[in-house]
Amino acid sequence: MLDFMGRLRTALTGSPDTPLVLLGNFEVEEEWARDEPGLPRVAFTAGSAVVHRMDAFTLLLAGKSDHVVLKAAPDPDHLGYLEELGLDLPRVHTVLGGDPGQTVTRDALADPALQETLRALGPDARIVPHGTSVREEELSGLAGLPLGTPPAALCKAVNSKVYSRAVAESTGLRQAPGWSCGNLTDLDAAFEEARFLLRVGRRVVVKDAFGVSGKGISVLDDERRLDTLRRMIDRRAARSGDDRVVLVVEEWVDKTADLNYQFTLGRDGSVHFDFVKEAITEGGVHKGHRFPAPLTTLQLDAVRHAVEVLGGRLAADGYFGVVGVDAMTDPQGGLYPVVEINARHNMSTYQVRLQEHFLGPGSHALARHYPVRLRTPLTFGRLRTLLGELMFTGSGSGLLVSNFATVNAAATEDGTPYEGRLHGLLIGDSPRSLERTDEAITDLLAALGEEEGA
C-alpha cells in the first residue's frame, strides 16, 4: 500500500515514482487576491519574513528523488537531526539573493541560474507548489518543467469562499446561513439579511473570498459597524468605477471546535480520505493541530460523507491533488462540514509523513508553533542543548522540530530584538503528556527570551 507521498505523486502525475520539485510558496492567497475587491483594507503585502521561511516545511514532504527550492540554506544541524530520525531528504536548491519579504516563487523568478538548474532536471520532474498561482505557472515556463497541479485559474476559483458556499449549497452539505456577493446589488441584499440578524441579537461575519490566517474577516455585532463597512465599500467602488465585490456574508454560528480534514483527489477522480484533525485557532489565526481529533462516530461518518461528496464535485470541475477543508462542530454535537475549501497544501499536509513514521496506536500529537524572542540568531545545536530530554529523538515522547528556518527569519544585524517561530510536533502517549511537554517548552523559551533581553 502506498504511503501519502506515493499516493500524492500518483494523484498528481499518474506514477508513484515521479520526481517532484516542491515550492513552499506560503500565503499564495496574496497572489490569488490581487485585483479582487474584497474587504476594504491595506493592500495585500508580501507578508512577513517568518511566514515566507515556512518554505522549509517542504523538506518534510520530499524524498531522496525529489528537490526543494528554498529561500536560504537550512541549518545543517537541523538537516542532520531529520536524517537521524530516519527521514530521507531531498536535494536542496537555494535562490540567489532572496528577498525576505516575498515568496520563494518570486525569488526563483528573479534567479535565471536557478531556472537553468531546474531545467536540467529533465522533462519527467514536476513542479508542485504549496498552491498554484500565475507566478508558479510563470516559473514553470521559464524552467521548462511542467506543473504537477491543475491550472492556476482553477486553483484560484476553488479556493474562493464563494465557491465553497456554492458547492455546499448544490450538494446539500450543511453550512452556516449566508450569502455570496459578486457585486454591490448582491451586497445590498446580503446586508439587509445581516441587519435582521443583528436586530435579533445575532452576530454576522463578512469574509474576503481569498482571506487567510485571520486576515480578510470582519465580525459585526451592531448595525453601526455594518453601515460603516458599507460606506467604505461604496467609497472604494466610487473611486474605481467598479461595482464588483468578492465577499461572503454569514451568520456567526456557535461552535465547539474547529476541524481540518484532508483528502487526495486523483486525476481519475479517485478519492482518498487522509485524516481529520482538531484545528487550534486564536482570533481566527491558525496555531496548530491536535490529533487524533475527539470526534464521535456520527461526526466522523459525516466527515467521510463530505469527503466523498466534495471529491465528486471537485473532480467534475477538473480539480485534482490535495484538498483541505475547514469544518466545525456545534454545541449539540452536529457538524458544519464545509466552512471553506482549500485547493492547496495545508499546514497539516506537512505533518503526514511524520505521522506515518512516528505515530503508532495509542500515540497522541499536537502540532504547534512557539514564539521565540531573540537578539542574536539561535543555532539548532544550541536549541537542542536547551531542550535536552524534551527533544524527540525517534521514539518515546518530546518535541520533533519540524521547521527551524522560521526561528531566525526576522533576525537583524544590529542586534535589534526580533520574534521568530519554532514549529514542531509534540508526541506523547496521552493528551496530558502533551500538555506537560508543551508547558515545559513554553517556560524554557520564555526564559531564553529574558536571557537574551528580548
Side-chain angles (χ1 to χ4, degrees), residues 22 24 26 49-63 68 70-90 92 277 280 286-291 345 347-359 363-374 376-411 418-428 433-449 452:
L22 292 159
F26 281 78
V50 173
V51 170
H52 291 312
R53 283 317 328 270
M54 290 166 69
D55 65 340
F57 274 119
T58 51
L59 293 167
L60 303 179
L61 284 185
V68 299
L70 300 182
K71 293 176 68 67
D75 184 302
D77 288 334
H78 184 238
L79 288 182
Y81 167 70
L82 296 178
E83 289 180 324
E84 287 175 28
L85 293 177
L87 298 178
D88 291 332
L89 297 181
V92 175
K277 301 178 181 180
I280 303 169
H286 175 81
K287 295 293 183 180
H289 290 100
R290 183 181 289 109
F291 47 100
H345 292 168
M347 282 297 294
S348 50
T349 307
Y350 299 97
Q351 300 154 13
V352 182
R353 193 172 170 210
L354 303 181
Q355 290 173 239
E356 292 176 337
H357 276 72
F358 304 115
L359 300 187
S363 294
H364 291 258
L366 173 65
R368 63 155 296 176
H369 65 257
Y370 299 89
V372 186
R373 296 175 178 84
L374 301 165
T376 56
L378 176 69
T379 65
F380 183 79
R382 185 184 176 203
L383 174 69
R384 189 168 189 172
T385 299
L386 288 171
L387 289 177
E389 294 183 354
L390 296 173
M391 175 78 80
F392 181 77
T393 56
S395 62
S397 62
L399 176 70
L400 192 164
V401 178
S402 55
N403 189 329
F404 187 72
T406 52
V407 170
N408 298 307
Y418 64 92
E419 182 171 306
R421 291 183 196 165
L422 175 65
H423 287 269
L425 183 68
L426 290 166
I427 298 173
S433 71
L434 298 179
E435 291 174 8
R436 288 194 296 267
T437 305
D438 183 36
E439 291 166 359
I441 293 171
T442 299
D443 292 344
L444 185 151
L445 294 176
L448 174 63
E452 287 269 317

Separation between CD (Gln351) and CZ (Phe358), nearest 0.5 Å, reads 13.5 Å
Looking at Arg421, His369, His52, which hits side chain to side chain contact (heavy atoms under 4.5 Å, CB included) with Thr406? Arg421
Please evaluate residues Leu61 and His345 with respect to the criterion side-chain contact (heavy atoms from CB on, under 4.5 Å), reporting the C-alpha separation (whole Å), side-chain torsions for both, the decisive distance (0.1 Å), and the verdict. CA-CA 11 Å; Leu61 284 185; His345 292 168; 3.9 Å; yes
What verdict does the salt bridge (Lys or Arg N to Asp or Glu O under 4.0 Å) test give for Asp438 and Arg436, after you've listed the backbone C-alpha separation in whole Å, the side-chain angles of each residue and the deciding distance to 0.1 Å? CA-CA 5 Å; Asp438 183 36; Arg436 288 194 296 267; over 6 Å; no
Measuring only between side-chain heavy atoms, which start at C-beta, is Leu400 closer than 4.5 Å to Tyr81? yes
So which pairs with a foot in residues 382-394 pass salt bridge (charged side-chain N to carboxylate O under 4.0 Å, His left out), sequence neighbours left out? Glu84-Arg384, Arg382-Glu451, Arg382-Glu452
Ring centroid separation for Tyr350 and Phe26, is it under 6.0 angstrom? yes
Rounded to the nearest 0.5 Å, how far does CZ of Phe291 lie from NE2 of His364? 11.5 Å
What closest approach, in Å, do Ala410 and Glu419 show between heavy atoms, and which atom pair accounts for it? CB-O, 4.0 Å
Kindly give the heavy-atom pair with the smallest separation between Leu70 and Ala56, and that separation in Å. CD2-CA, 3.8 Å
Using the side-chain contact (heavy atoms from CB on, under 4.5 Å) rule, take Ile427 and Thr437 through it: C-alpha gap first, then chi angles, then the decisive distance, then the call. CA-CA 9 Å; Ile427 298 173; Thr437 305; over 6 Å; no
Exam field: side chain Asp55 to backbone Lys71, donor-acceptor pair closer than 3.5 Å: yes
Just verifying a value: how many Å separate Lys277 NZ and Met347 CE, rounded to the nearest 0.5 Å? 9.5 Å
Grab the two heavy atoms, one from Leu85 and one from Gly394, that are nearest each other, plus how far apart they are. CD2-N, 3.5 Å
Closer than 3.5 angstrom, by distance alone: can the side chain of His78 be matched with the main-chain N or O of Val401 as a donor-acceptor pair? yes
Give me the atom names and distance for the closest heavy-atom approach of Pro74 to Leu79. CB-CG, 3.9 Å
Specify the closest pair of heavy atoms between Val50 and Ala409, including all atoms of both residues, with the distance to one decimal. CA-CB, 3.8 Å
Please list, chain by chain and in numerical order, all residues satisfying side-chain contact (heavy atoms from CB on, under 4.5 Å) with Glu83, sequence neighbours excluded. Leu89
Checking side-chain contact (heavy atoms from CB on, under 4.5 Å) for the pair Leu354/Leu87: CA distance, chi angles, key distance, verdict? CA-CA 9 Å; Leu354 303 181; Leu87 298 178; 3.9 Å; yes
Does a donor on one side chain and an acceptor on the other come within less than 3.5 Å for Asn408 and Tyr418? yes
Would you call Leu383 and Leu378 a side-chain contact if the rule is heavy atoms closer than 4.5 Å? yes
Using 30° and 60° as the class limits, which term best fits the ring planes of Phe404 and Phe380: parallel, tilted or perpendicular? perpendicular
In terms of heavy-atom contacts, Leu444 and Leu386 come closest through CD1-O, 3.1 Å
Tell me, which pairs form a side-chain hydrogen bond (donor to acceptor under 3.5 Å, both in side chains) where one or both residues lie in residues 439-449, sequence neighbours left out? none
On the ring face of Tyr370, is Arg368 found with NZ or CZ under 6.0 Å from the centre and within 45° of the axis? yes
Side chain to side chain contact (heavy atoms under 4.5 Å, CB included) partner of Phe57, the single match among Leu22, Asn403, Thr349, Val68: Asn403
